[in-house]
There are 2 protein chains.
Amino acid sequence: MNKRKKTSTNYNNQVFLENRCSLNELLNLVSRRWITDVLFCIEDGSIRYKNIKEDLEFISDTVLADRLRLLTRYGLITKTSYKETPPRVEYSLTESGKKLSELLDMLCKFGENSMQLCSSSITIK
Amino acid sequence: MNKRKKTSTNYNNQVFLENRCSLNELLNLVSRRWITDVLFCIEDGSIRYKNIKEDLEFISDTVLADRLRLLTRYGLITKTSYKETPPRVEYSLTESGKKLSELLDMLCKFGENSMQLCSSSITIK
DNA sequence: TTCATTTCTAATTAAATAATGAGTAACTAA
DNA sequence: TTAGTTACTCATTATTTAATTAGAAATGAA
């Protein structure tokens with residue numbers, strides 16, 4: 001994945017919003033495609049790269065690797081590597097990850113019960 | 001804003017994820033830039049287009065108009081237009097919007113207390 | 001020796017999203 | 001009659017994000 005340009009309005013606005021309210025930073029992480037699904041997969045016992053890939057049928061390697069990296073960096077999951085061949089790597093939720101998962105469940109229920117979701121992908125305009 | 005291409009993997013994956021878990025649809029809405037800020041502005045009493053624009057210093061007309069349209073379409077805010085000149089339009093949160101705002105507050109607190117947010121904008125890789 | 005396995009990375013291309021800049025309607029005040 | 005106000009829309013461009021394709025390291029099995 002490529003670097004961001006740090007001299008654009010786009011970038012400045014993101015920084016502005018993150019400083020304004022940290023929710024923006026959290027949402028910015030949590031809304032990346034596949035990321036909550038990866039988190040839930042691990043919570044549900046698909047703790048290896050390959051398992052997650054099987055569960056999430058269409059996820060690409062690039063994105064899966066990236067999402068695992070992000071979740072790890074933000075302290076939501078931990079990674080354990082065993083020195084075997086072929087490699088074995090296992091992931092699990094941290095306390096923080098479990099807490100987030102609960103909050104996301106609440107959001108999910110809200111979506112199902114209290115909102116008219118328009119079904120399949122917002123068409124702007 | 002332009003139309004989406006409906007024959008891409010990108011689009012198909014989004015539909016796949018939305019069908020898998022409605023959280024994805026909700027996040028897809030709620031994570032658009034400025035949208036939660038617009039919601040909170042209205043909740044805090046900036047109920048007119050112009051007020052919101054002043055509060056959110058750097059938001060563009062295109063995006064603000066779009067976010068108001070989305071929030072309205074998803075039943076999170078209501079719009080009241082008065083036939084005056086210059087036009088007067090007022091927005092307010094629906095019950096659903098208030099509920100969402102509460103959930104977002106919880107998420108925000110989680111972010112502040114239980115997570116090491118890396119501060120200002122994720123640099124992937 | 002060649003192939004397969006797992007967990008990735010790197011470079012490129014495609015698509016989505018946000019920003020920019022201009023313009024509109026309908027009236028009012030100067 | 002001209003300028004000013006509010007709440008927008010439209011077309012274009014810039015930027016970000018996701019997908020595609022290829023490949024690598026480290027070993028064991030055939």
Subject >> Length of the line joining A:Gln14:CD and D:dT16:P, which is rounded to integer Å >> reply: 9 Å

**OP:** Report yes if a side-chain nitrogen or oxygen of B:Arg33 is closer than 4.0 Å to either non-bridging phosphate oxygen (OP1 or OP2) of C:dA18; otherwise report no.
**Re:** no

**OP:** Ignoring backbone atoms, test whether A:Ser8 places a side-chain nitrogen or oxygen under 4.0 Å from the OP1 or OP2 oxygen of D:dT16.
**Re:** yes

Original post:
Can you tell me how far P of C:dT17 sits from CG of B:Leu70, to the nearest Å?
Top reply: 11 Å

Subject >> Closest contact, heavy atoms only, A:Ser46 versus A:Ile52 >> reply: O-CG1, 3.3 Å

Original post:
Could you give the CH2-to-C1' distance, from B:Trp34 to C:dT17, as a whole number of Å?
Top reply: 14 Å

Original post:
Under the criterion side-chain contact (heavy atoms from CB on, under 4.5 Å), which of B:Leu68, B:Thr94, B:Ile47, B:Leu70 is the partner of B:Ile77?
Top reply: B:Leu68

Original post:
For B:Lys79 and D:dC8, is the shortest distance between a side-chain N/O and OP1 or OP2 below 4.0 Å?
Top reply: yes

Subject >> Candidate nucleotides C:dA19, D:dA7, D:dA26, ranked by approach to the side chain of B:Arg48 - the nearest >> reply: D:dA7

**OP:** Would you kindly give the CZ-to-C1' distance between A:Arg67 and C:dT7, to the nearest whole Å?
**Re:** 17 Å

Original post:
Considering only D:dA7, C:dA18, C:dT7, which nucleotide approaches the side chain of B:Tyr49 most closely?
Top reply: D:dA7

Original post:
Rounded to whole angstrom units, what separation is found between the CG atom of B:Leu56 and the C1' atom of C:dA18?
Top reply: 15 Å

Subject >> Between B:Lys99 and A:Ser114: side-chain donor-acceptor atoms closer than 3.5 Å >> reply: yes

Subject >> Closest approach of A:Pro87 to A:Arg48 (non-hydrogen atoms, all atoms of both residues) >> reply: O-NH2, 3.4 Å

**OP:** Would you tell me if any nitrogen or oxygen in the side chain of B:Ser81 comes within less than 4.0 Å of OP1 or OP2 on D:dA7?
**Re:** no

Show each protein N/O and nucleotides 20-25 of chain C N/O combination with a separation under 3.5 Å, one pair to a line.
residue, atom, partner, partner atom, Å
C:dT20, OP1, A:Thr9, OG1, 2.6
C:dT20, O4, B:Thr62, OG1, 2.6
C:dG21, O6, B:Thr62, OG1, 3.4

Subject >> Residue pair A:Tyr11 / A:Arg4: nearest heavy atoms and the distance that separates them >> reply: CA-NH2, 3.7 Å

Original post:
Using the ring of each side chain (for Trp, its six-membered ring), is B:Trp34 parallel, tilted or perpendicular to A:Phe16, with breaks at 30° and 60°?
Top reply: tilted

**OP:** Let me know the distance between CG of A:Asn28 and C1' of C:dT17, rounded to the nearest Å.
**Re:** 13 Å

Original post:
Should A:Arg88 be listed as having a side-chain N or O under 4.0 Å from OP1 or OP2 of C:dT5?
Top reply: no

**OP:** Kindly point out which of C:dA16, D:dT5, C:dC8 is positioned nearest to the side chain of A:Tyr91?
**Re:** C:dC8

Subject >> Which nucleotide in D:dA18, C:dT6, D:dT6 has an atom nearest any side-chain atom of A:Lys50 >> reply: C:dT6

Original post:
Of B:Asn10 and A:Val89, whose closest DNA chain C nucleotide lies nearer the 5' terminus?
Top reply: A:Val89

Original post:
Across the strands shown, which category fits A:Lys53 at heavy-atom distances under 4.0 angstrom: base, sugar-phosphate, nothing?
Top reply: nothing

Original post:
Reckon B:Arg69 has a side-chain N or O less than 4.0 Å from the OP1 or OP2 of D:dT9?
Top reply: yes

Original post:
Which sits closer to the 5' end of DNA chain D, B:Ala65 or B:Pro86, going by the nucleotide each is nearest to?
Top reply: B:Pro86

Subject >> Positive for side chain to side chain donor-acceptor pair (under 3.5 Å) with A:Arg33, one of B:Asn10, B:Asn13, B:Asn28, B:Asn24 >> reply: B:Asn10

**OP:** Could you tell me whether A:Lys50 and A:Glu54 make a salt bridge, using a distance below 4.0 angstrom between a side-chain N and a carboxylate O?
**Re:** yes

Subject >> Spacing of B:Arg32 atom CZ relative to C:dA19 atom C1', expressed in whole Å >> reply: 15 Å

Original post:
How many Å lie between CD1 on A:Ile59 and C1' on D:dT21, as a whole number?
Top reply: 17 Å

